[in-house]
Amino acid sequence: MTDRRPAREWDADLYDALSTPLTARGIALLDRVSFRPSDRVLDAGCGTGRVSAALLERLPAGEVIALDGSAAMVDRARALVGDDPRVTLVRADLGEPLPLASPVDAVVSTSTLHWVPEHPRLFRNLAAVIRPGGSLHVDCGGEGNIGEVVEILGDLGESHPWFFSGVAETETALADAGFRDVRVWLSDDPVAVAPDRLEDYLATVVLGTHLAERSADAGRKLVRRVASRMTVPRFDYVRLNIDARRASATAS
Ligand SMILES: C[S@@+](CC[C@H](N)C(=O)[O-])C[C@H]1O[C@@H](n2cnc3c(N)ncnc32)[C@H](O)[C@@H]1O
């Protein structure tokens, strides 16, 4: 189950080395959006900035606000895209009202929103920074995501921090936050990991919150126990996909 946790730190270097499949998924999301060259776009949970960099290629006269809750991620994104005058880097928690100077034409978010509890509140925070008629495009973990890992954690008596939402509750939360033309769907996107990278992947991409809450030794033990119980080194990702448009008046 979920509870309210603030954004935490990530190992940005290791994440960058392991995140190629997630970047590919983020670029696939960008490919389904028709940006105008001058759009101002928020990358909500930009991580190391690889999807922000691909976004910049689509916005020759536009702007990217690359926002993340982890200082290490923001620093790493700054190293990648910070020299570009079209980029503003922001460290902020998506669970709180967002400190943007002016509204954006669109928000994109990849592999992030399942880390943020209370989606109704999160969607209100996003709606508040999108101009009327602007759009929201999301890929994140959805109902049934990494089911084997969730089951293993349950068997080990561990809770988890993820908010793996279903279609109907997401549609309701988006409508309540003032979004219209809402399209929400789940899709399977399994990712195989090299066996010798499985523990690193678990520690960095999957179990970071669990590790942040225990000693390094206890964290390593948990990672090993989860890895040893997985049937194959593969994550059966189920993605929650969202396209929506902000109505002319934001719901309060
Ligand atoms: C799996 S990474 C995805 C990064 C990038 N979008 C990508 O596709 O590679 C998840 C990111 O979400 C950020 N994040 C998680 N919870 C957050 C929150 N409450 N506020 C802001 N960022 C958050 C993390 O710091 C991390 O950079």
Side-chain angles (χ1 to χ4, degrees), residues 5-33 35 37-116 122 125-126 129-130 134-141 161-162 191 197 200-201 203-209 211-212 239 242:
R5 288 181 168 90
R8 63 168 169 86
E9 276 311 319
W10 285 58
D11 184 332
D13 291 339
L14 204 43
Y15 179 79
D16 200 61
L18 294 165
S19 61
T20 299
L22 308 188
T23 304
R25 186 188 279 157
I27 289 171
L29 177 145
L30 300 185
D31 285 343
R32 75 169 191 251
V33 182
F35 297 104
S38 62
D39 274 349
R40 177 176 148 84
V41 180
L42 169 65
D43 183 358
C46 64
T48 60
R50 293 167 79 176
V51 175
S52 311
L55 188 51
L56 283 164
E57 290 171 13
R58 289 155 169 83
L59 306 172
E63 273 182 72
V64 171
I65 295 119
L67 179 150
D68 202 278
S70 155
M73 288 297 212
V74 172
D75 285 348
R76 182 81 198 209
R78 181 176 292 110
L80 184 65
V81 295
D83 285 345
D84 191 315
R86 295 170 294 164
V87 174
T88 304
L89 289 139
V90 177
R91 183 180 177 202
D93 190 328
L94 291 162
E96 303 297 332
L98 299 176
L100 264 55
S102 55
V104 295
D105 298 296
V107 172
V108 300
S109 183
T110 61
S111 300
T112 294
L113 298 193
H114 54 277
W115 289 103
V116 187
L122 164 65
N125 293 339
L126 295 176
V129 298
I130 302 175
S135 60
L136 171 68
H137 310 279
V138 173
D139 148 78
C140 67
W162 307 303
V191 168
R197 300 313 301 270
D200 275 350
Y201 193 94
T204 308
V205 182
V206 183
L207 298 176
T209 300
L211 269 54
R239 312 311 294 171
I242 298 171

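One is the number of the first residue; the rest follow in order along the sequence.
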Indicate yes or no: at least one non-hydrogen side-chain atom of [X] is less than 4.5 angstrom from one of [Y].
X      : Y      : answer
Leu55  : Leu30  : yes
Asp68  : Arg91  : no
Leu126 : Leu98  : yes
Arg50  : Thr20  : yes
His114 : Arg239 : yes
Asp16  : Trp10  : no
Asp31  : Arg58  : yes
Val108 : Asp43  : yes

Distance check, rounded to the nearest 0.5 Å: [X] atom [atom1] versus [Y] atom [atom2]?
X      : Y      : atom1 : atom2 : value
Asp93  : Arg8   : CG    : CZ    : 12.0 Å
Arg32  : Ile27  : CZ    : CD1   : 14.0 Å
Arg78  : Cys46  : CZ    : SG    : 10.0 Å
Met73  : Asp11  : CE    : CG    : 8.5 Å
Thr112 : Leu122 : OG1   : CG    : 10.0 Å
Leu18  : Asp200 : CG    : CG    : 6.0 Å

Identified side-chain contact (heavy atoms from CB on, under 4.5 Å) partner of Ser111 from the options Thr23, Val138, Leu29, Leu22: Leu22
Under the criterion side-chain contact (heavy atoms from CB on, under 4.5 Å), which of Ile242, Leu113, Val116 is the partner of Cys140?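 Single pass found, and it is Leu113.
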Could you verify whether a donor N or O on one side chain and an acceptor N or O on the other, from Thr110 and Arg25, lie under 3.5 Å apart?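 No, Arg25 and Thr110 have no side-chain donor paired with an acceptor closer than 3.5 Å.
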Check [X] against [Y] and note the closest heavy-atom contact, atom names and distance.
X      : Y      : result
Val206 : Trp115 : O-CH2, 3.4 Å
Ala77  : Leu89  : CB-CD2, 3.8 Å
Ser38  : Asp105 : O-OD2, 4.4 Å
Val90  : Pro99  : CG1-CG, 4.1 Å
Val51  : Gly26  : CG2-CA, 4.0 Å
Ser109 : Ala44  : OG-O, 2.7 Å

Within 6.0 Å of CG in Asp83, more than 12 heavy atoms from elsewhere: no
Checking [X] side chain against [Y] main chain: does a donor-acceptor pair fall under 3.5 Å?
X     : Y     : result
Glu63 : Thr88 : no
Asp39 : Gly62 : no
Arg76 : Asp13 : no

Yes or no on side chain to side chain contact (heavy atoms under 4.5 Å, CB included) for Leu67 and Leu94, after CA distance, side-chain angles and deciding distance? CA-CA 9 Å; Leu67 179 150; Leu94 291 162; 3.7 Å; yes
